[in-house]
Amino acid sequence: MLSDYHKYRLYEILPGASIWLTIFLIFFLSFVSPIWVVYFIILFDIYWVLKVVNFSFYLIIAWTRLRAAGKIDWFSKLKELNNIDDKRHIIFLTVYNEEWDVVKPAITSIRNSIYDRDKFVLVIAGEQRKKDVFERISQKTKEEFGGFFADIVCVLHPANLPDEIPGKGSNMNYAEHELKKYIDQKGWKYTNIIVTVFDIDTVCHKNYFSYLTYLYCTSPDPTRNSYQPVALYNNNMWESPSILRVMAFGTTFWLMTALAQQDSLVTFSSHSMSFRALVDAGYHDKRIVSEDSRIFYQCFLAYNGNYSVTPMYVPVSMDTVRDDNWWQSVKNLYKQQRRWAWGVEHVPYLLWEFGKKGKSIPFIKKF
């Protein structure tokens, strides 16, 4: 009888084993049964033709909606609502070894948002392993931006805490627990707090928070939604090698296509959500790599499938992984893609959790 550990380990092996099995069978059947390989290649080609058609169709839809949303004065539309006064924004920025030149544009973009900044609490979440960087960034932030927000909270994540791995997920988990204490002291309702998690190089559009608040306040069930913008990797576009520019546009096109396919949309990179949902889901997982999409699945499971992602047709801009050296830039690109590929860790997680949920979640949603 297999233990739970071995059962879960089999789920973890499944994605990699399926890939290796496919590669092996292509070569093996080429000698044993070539006709089956011919059928496979034909079906494979047809699949990708249809995939490109589907991709292009939804990309055009997303681009049309992005252009339309960009023409709307979302702050003026907010004034038409009567439920915005009690809404507050908590913006998390996690730092590790970044220079101030990277952090400052992100905070500046938040400061320049067309919104009431007295509703903003900025959180600088740093690491004990880079305490000097955290202290420098925290000091600079308070010196240059102290008067622009309701508050700036700096949280230092201790090193080597039990049951966690170093990374953004564990950093966020610790900071969120600390902010819960802060929020409870203030007496704020969790349903009135909108949490935004930005990568440290994220430069948000000036309408981001107006648009986000409008979507939140007009949603029939705002706490059961995450809010996903379009990610553009263009902060340093023209200083980057051509291969990085091509990959950056490819990622943006993929995300725009995903936004238009809302039934299968999950959170990626910078996004927003309700603090109520964050608490109910148990905060960001502190033992994984792909925390940005995992938090969606945690909410999906916590609410038995009654959770979705609302697309935000507004851009946030981030850096490509360029370096002064061309070859190092390519290696950085590979490491970025490898980190994103760690999203496959959600496969065993979902298979396992769906099994525990039984029929609580409709089969079509699990599929």
Side-chain angles (χ1 to χ4, degrees), residues 89-113 117 120-161 164-182 195-204 208-209 229 231 233 235-236 267-273 275 278 283-295 316-323 332 335-336 339-340 342:
H89 291 269
I90 294 182
I91 304 112
F92 285 91
L93 295 174
T94 57
V95 299
Y96 179 61
N97 197 31
E98 290 79 13
E99 297 293 334
W100 177 243
D101 290 344
V102 174
V103 180
K104 183 177 179 180
I107 303 177
T108 300
S109 71
I110 299 171
R111 182 198 65 187
N112 293 340
S113 297
R117 294 189 299 272
F120 288 178
V121 174
L122 186 67
V123 181
I124 305 297
E127 293 283 0
Q128 177 74 40
R129 291 169 295 144
K130 292 288 183 180
K131 186 177 180 180
D132 56 331
V133 175
F134 167 76
E135 292 177 343
R136 183 172 68 252
I137 296 298
S138 298
Q139 181 180 355
K140 284 276 191 179
T141 301
K142 290 181 177 180
E143 287 176 356
E144 297 195 25
F145 298 96
F148 291 102
F149 307 114
D151 201 357
I152 296 175
V153 179
C154 301
V155 180
L156 183 63
H157 175 216
N160 303 317
L161 291 179
E164 68 176 32
I165 64 171
K168 185 180 175 182
S170 56
N171 191 343
M172 283 295 303
N173 183 283
Y174 184 84
E176 287 158 355
H177 278 89
E178 293 300 304
L179 261 292
K180 182 179 182 298
K181 300 175 187 175
Y182 175 92
V195 173
T196 296
V197 182
F198 280 160
D199 288 346
I200 195 59
D201 59 345
T202 300
V203 175
C204 65
Y208 182 93
F209 291 99
Y233 292 86
N235 285 346
N236 56 351
T267 48
F268 172 82
S269 188
S270 300
H271 62 275
S272 302
M273 61 187 297
F275 191 73
L278 190 63
Y283 310 99
H284 282 80
D285 197 318
K286 56 186 179 180
R287 297 163 300 174
I288 62 165
V289 176
S290 304
E291 87 295 328
D292 50 355
S293 46
R294 173 60 65 87
I295 191 61
V316 292
S317 300
M318 290 175 278
D319 292 348
T320 64
V321 288
R322 67 169 292 275
D323 196 273
N332 291 346
K335 290 179 180 179
Q336 181 189 58
R339 179 169 53 83
W340 289 350
W342 266 100

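Quantities reported herein were computed from a predicted structural model and do not represent experimental measurements.
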When you measure from the side chain of [X] to the backbone N and O of [Y], does any donor-acceptor pair fall under 3.5 Å?
{"X": "Asn235", "Y": "Ser317", "result": "yes"}
{"X": "Thr94", "Y": "Ala125", "result": "no"}
{"X": "Thr267", "Y": "Asp292", "result": "yes"}
{"X": "Glu176", "Y": "His284", "result": "yes"}

Checklist entry - For Phe268, which residues count as a ring-ring contact (aromatic ring centres under 6.0 Å, His included) partner, sequence neighbours excluded? => result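 If we apply the ring-ring contact (aromatic ring centres under 6.0 Å, His included) test to Phe268, skipping adjacent residues, the hits are Trp254, Trp340.
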Checklist entry - What residues form a ring-ring contact (aromatic ring centres under 6.0 Å, His included) with Phe145, not counting sequence neighbours? => result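 Not a single residue meets the ring-ring contact (aromatic ring centres under 6.0 Å, His included) criterion with Phe145.
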Item to check | Under-4.0 Å salt bridge between Glu178 and Lys181 | outcome: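 Yes, Glu178 and Lys181 are salt-bridged.
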Checklist entry - Are Val153 and Ile90 close enough that some pair of their side-chain heavy atoms sits under 4.5 Å apart? => result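 No; the side chains remain at least 4.5 Å from each other.
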Checklist entry - Would you say the side chain of Lys142 lies within less than 4.5 Å of the side chain of Cys154, judging by non-hydrogen atoms? => result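 Cys154 vs Lys142: side chains touch.
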Next on the checklist: The test is side chain to side chain contact (heavy atoms under 4.5 Å, CB included); show your working for Phe149 and Ile91 and say whether it passes.
Outcome noted: CA-CA 11 Å; Phe149 307 114; Ile91 304 112; over 6 Å; no
Between [atom1] on residue [X] and [atom2] on residue [Y], distance to nearest 0.5 Å:
{"X": "His89", "Y": "Thr196", "atom1": "NE2", "atom2": "OG1", "answer": "7.0 Å"}
{"X": "Asn236", "Y": "Thr320", "atom1": "CG", "atom2": "OG1", "answer": "3.5 Å"}
{"X": "Met172", "Y": "Ile295", "atom1": "CE", "atom2": "CD1", "answer": "8.5 Å"}
{"X": "Ile124", "Y": "Gln139", "atom1": "CD1", "atom2": "CD", "answer": "13.0 Å"}
{"X": "Asp151", "Y": "Tyr182", "atom1": "CG", "atom2": "OH", "answer": "3.5 Å"}
{"X": "Glu98", "Y": "Arg136", "atom1": "CD", "atom2": "CZ", "answer": "10.0 Å"}

Of all the heavy-atom pairs spanning [X] and [Y], show the shortest one and how long it is.
{"X": "Thr202", "Y": "Ala106", "result": "O-CB, 3.1 Å"}
{"X": "Val316", "Y": "Ser270", "result": "CG2-CB, 4.4 Å"}
{"X": "Leu161", "Y": "Glu164", "result": "O-CG, 3.3 Å"}
{"X": "Cys204", "Y": "Ser109", "result": "N-OG, 3.1 Å"}
{"X": "Arg322", "Y": "Asn332", "result": "O-ND2, 4.2 Å"}
{"X": "Trp100", "Y": "Pro105", "result": "O-CD, 4.3 Å"}

More than 12 heavy atoms of other residues, nucleotides or ligands under 6.0 Å from [atom1] of [X]: is that the case?
{"X": "Glu99", "atom1": "CD", "value": "no"}
{"X": "Asp132", "atom1": "CG", "value": "yes"}
{"X": "Arg129", "atom1": "CZ", "value": "yes"}

Next on the checklist: Assess the residue pair Ile107 and Glu144 against the criterion (side chain to side chain contact (heavy atoms under 4.5 Å, CB included)); give the C-alpha distance rounded to whole Å, side-chain angles, the decisive distance to 0.1 Å, and a yes or no.
Outcome noted: CA-CA 10 Å; Ile107 303 177; Glu144 297 195 25; over 6 Å; no
Item to check | Test log, rule side chain to side chain contact (heavy atoms under 4.5 Å, CB included), inputs Ile165 and Ser170 | outcome: CA-CA 7 Å; Ile165 64 171; Ser170 56; 5.6 Å; no
Next on the checklist: Is a donor from one side chain sitting under 3.5 angstrom from an acceptor on the other, for Asn171 and Tyr96?
Outcome noted: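 No pair is found: no donor N or O on one side chain lies under 3.5 Å from an acceptor on the other.
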Checklist entry - Is there a donor-acceptor contact under 3.5 Å linking the side chains of Tyr208 and Ser272? => result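 Result is yes, a qualifying pair exists.
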Item to check | Residues forming a side-chain contact (heavy atoms from CB on, under 4.5 Å) with Asp201, sequence neighbours excluded | outcome: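 With neighbours one apart ignored, the set is Val102, Asp199, Met318, Asp319.
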Next on the checklist: Using 30° and 60° as the class boundaries, would you call the ring planes of Phe120 and Phe209 parallel, tilted or perpendicular?
Outcome noted: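 Ring orientation, 0 to 90° scale: tilted.
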Next on the checklist: What verdict does the side chain to side chain contact (heavy atoms under 4.5 Å, CB included) test give for Tyr174 and Gln128, after you've listed the backbone C-alpha separation in whole Å, the side-chain angles of each residue and the deciding distance to 0.1 Å?
Outcome noted: CA-CA 12 Å; Tyr174 184 84; Gln128 177 74 40; over 6 Å; no
